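Structure, as structure tokens:
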Amino acid sequence: MDERVTEGRKMERIYVDNAATTAMYAVTVEKMLPYFSEVYGNPSSLHSFGREAAAAISEAREVIAKNIGATAKEIAFTSGGTEADNWAIVSAAKLSAESGKKHIVSTTIEHHAVLHTLQRLEKEGFEVIYLNVGANGIVRAEDVKNAIRPDTALVTVMYANNEIGTIQPIAEIGAVCREKGVLFHTDAVQAAGHLPINVKAENIDLLSLSAHKFHGPKGVGALFCRNDIRLQSLLTGGAQERGRRPGTENVGAIAGMAAAFVKACGNMAKNAEVLSRMRDKLIGELLKIPRSRLNGDKEKRLPGNASFCFEGIEGESLLLMLDMKGICASSGSACTSGSLDPSHVLLAIGLPHEIAHGSLRISLSEFNKPEEIEYIVKTLPGIVRKLRDMSPVWERIEKEGV
Amino acid sequence: MAYSEKLMEHFANPRNVGKIDDADGVGEVGNAKCGDIMKVFIKVADGIISDVKFNTFGCASAIATSSMATEMIKGKSIEDALSLTNKAVVEALDGLPPAKIHCSVLAEEAVKAAIADYCNKTGKELQGGPKKCEGCCRACEVHNGD
């Protein structure tokens, strides 16, 4: 049976937007269902209903911790990756500020959950340095090292980029931070369940993850926070999550996240092989289109991420024409984001605006099949051609060869 | 952000796509940095727009507004074509999301730029003059006089 429990296959559509969200595993749904009906106790209640719910949370905490090399009490549940990022960064910044440290090191390619949190801290008097990445979309650990000052409170660098899929040198950065005695947070939302993570070996102090990126439910995530770091609560309220995160836990979602994480980690090695083979097929075939390019490093990228730019066309048009052919992908063009500028990540790797407008992200999961890749490879060039045929920009490119 | 069915239909099957090699008037507006360029070609016979074609680089609404605007001026007199407004294009497409209104302004401008070019070439006086973008698109440095 197709494990995709959503209606994703109803219209013979192809879902290749797995960096946005994934279909839940059947085991995720199965694990969650009892918590909507039978096991509905409040985990804070002392009676048996409450204890059953609390047990589910403890079990989830254990298995998630185990799969990233942490201990159970280092895991706190959140409403998702965004909350985990906000929480980690704000908390670490405020903690360090107590000892007069108000400098933060990050990169230009972080997710908005990180970038906008840092911008807020800047308004509150923190100084943030956003390190540039190379044209390959990877920050150098050496640059992180050089940016750290005596008053550096925190280094926050994403594990893998959500748009171009590049994997950052997290272990190296972790080593640098440990050596310098600076807290290190990584937004591992795109990496968790897809890349092997060991917080101890990689010297990670704080790590954010989100369930729906690895076939878990939406609206739940976790923050790993090293044992000896005193996390401050963003909210005020009850004593849940050892007094660090008030609010009744989303028990079913937490249980579902754990089930999904176990399965995703178990499938990781096989997925890495199968997905990267499909990814490389896409890259190989689509780069045959004239004036196309791969965004981000060819090797150091997520197994499921293929990000392209096609000159002379605009990403939203490409996206919608693909959608009409049943291919559901994503673009970093300004039009799709609802802003006027194309993706900050594409600009950060040095692409000019006009090229960044023509971006397409295809992100795969273990539910994708080689036949789907064949279909994309067969369909996409014709759509690019159709849009180029009506593009005055393409006409100019062809004429002038610029 | 949701597009109307009418808009999607024009995007999927845009009318008047192409070029006119011996056009009587050509207008191009927008820039690639903003993500939209529209180029409109017109053929004029006895003061009537006998043929019109367009080339557009841009999002779905840029393509659909180009298609609709060109449809709306085809067979019309120069005077009638000059009275085309972006609002009329938006209405004809059953609405545009707020962030996409600038596409309709661009379509109106492109049509008027083509007519202005025709008037310029033929020494005719242009009634009203080509409409200038009124800060519809903040990213567009061309319109900001940059």
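Keep in mind that this is a model prediction, so the values were computed, not measured. Every chain is numbered from 1, with letters handed out A, B, ... down the list of sequences.
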Take a 6.0 Å sphere around NZ of A/Lys325 and say whether it holds more than 12 heavy atoms from other residues, nucleotides or ligands.
no

Under 4.5 Å to a heavy atom of chain A? For B/Lys19 that would be side chain

Closest non-hydrogen contact found for A/Val393 with B/Phe57 is CG2-CG, 3.4 Å

Cut-off 4.5 Å, heavy atoms of chain A, and the answer for B/Ser66 is neither

A/Ser317 and B/Gly58 have their tightest heavy-atom pair at OG-O, 2.5 Å

In this structure, CD of A/Glu316 is separated from CZ of B/Phe11 (nearest 0.5 Å) by 7.0 Å

Next on the checklist: Quick check: do B/Met8 and A/Asp323 have side-chain heavy atoms less than 4.5 Å from each other?
Outcome noted: no

Rounded to the nearest 0.5 Å, the NE2 atom of A/His357 sits from the SG atom of B/Cys34 at a distance of 7.0 Å

Answer yes or no: is there a side-chain heavy-atom contact under 4.5 Å between B/Ile63 and A/Leu387? yes

Here the pair of heavy atoms bringing B/Ala32 nearest to A/Glu354 is CB-CB, 3.6 Å

Tightest non-hydrogen contact, residues A/Pro392 and B/Ile37, listed as CG-CG2, 3.6 Å

So, the part of A/Met324 with a heavy atom under 4.5 Å from chain B: the answer is side chain

Crowding at NZ, B/Lys121 (>12 non-hydrogen neighbours, <6.0 Å): yes

Crowded around B/Asp46 CG? As in, over 12 foreign heavy atoms under 6.0 Å? no

Bottom line for A/Leu320: the part with an atom under 4.5 Å from chain B's heavy atoms is both

CD of B/Glu28 to CZ of A/Arg396, rounded to nearest 0.5 Å, is 4.5 Å

Whatever's closer than 4.5 Å to a heavy atom in chain A on B/Ala62 counts as neither

Distance col, row B/Asn16:CG vs A/Met390:CE, nearest 0.5 angstrom, shows 11.5 Å

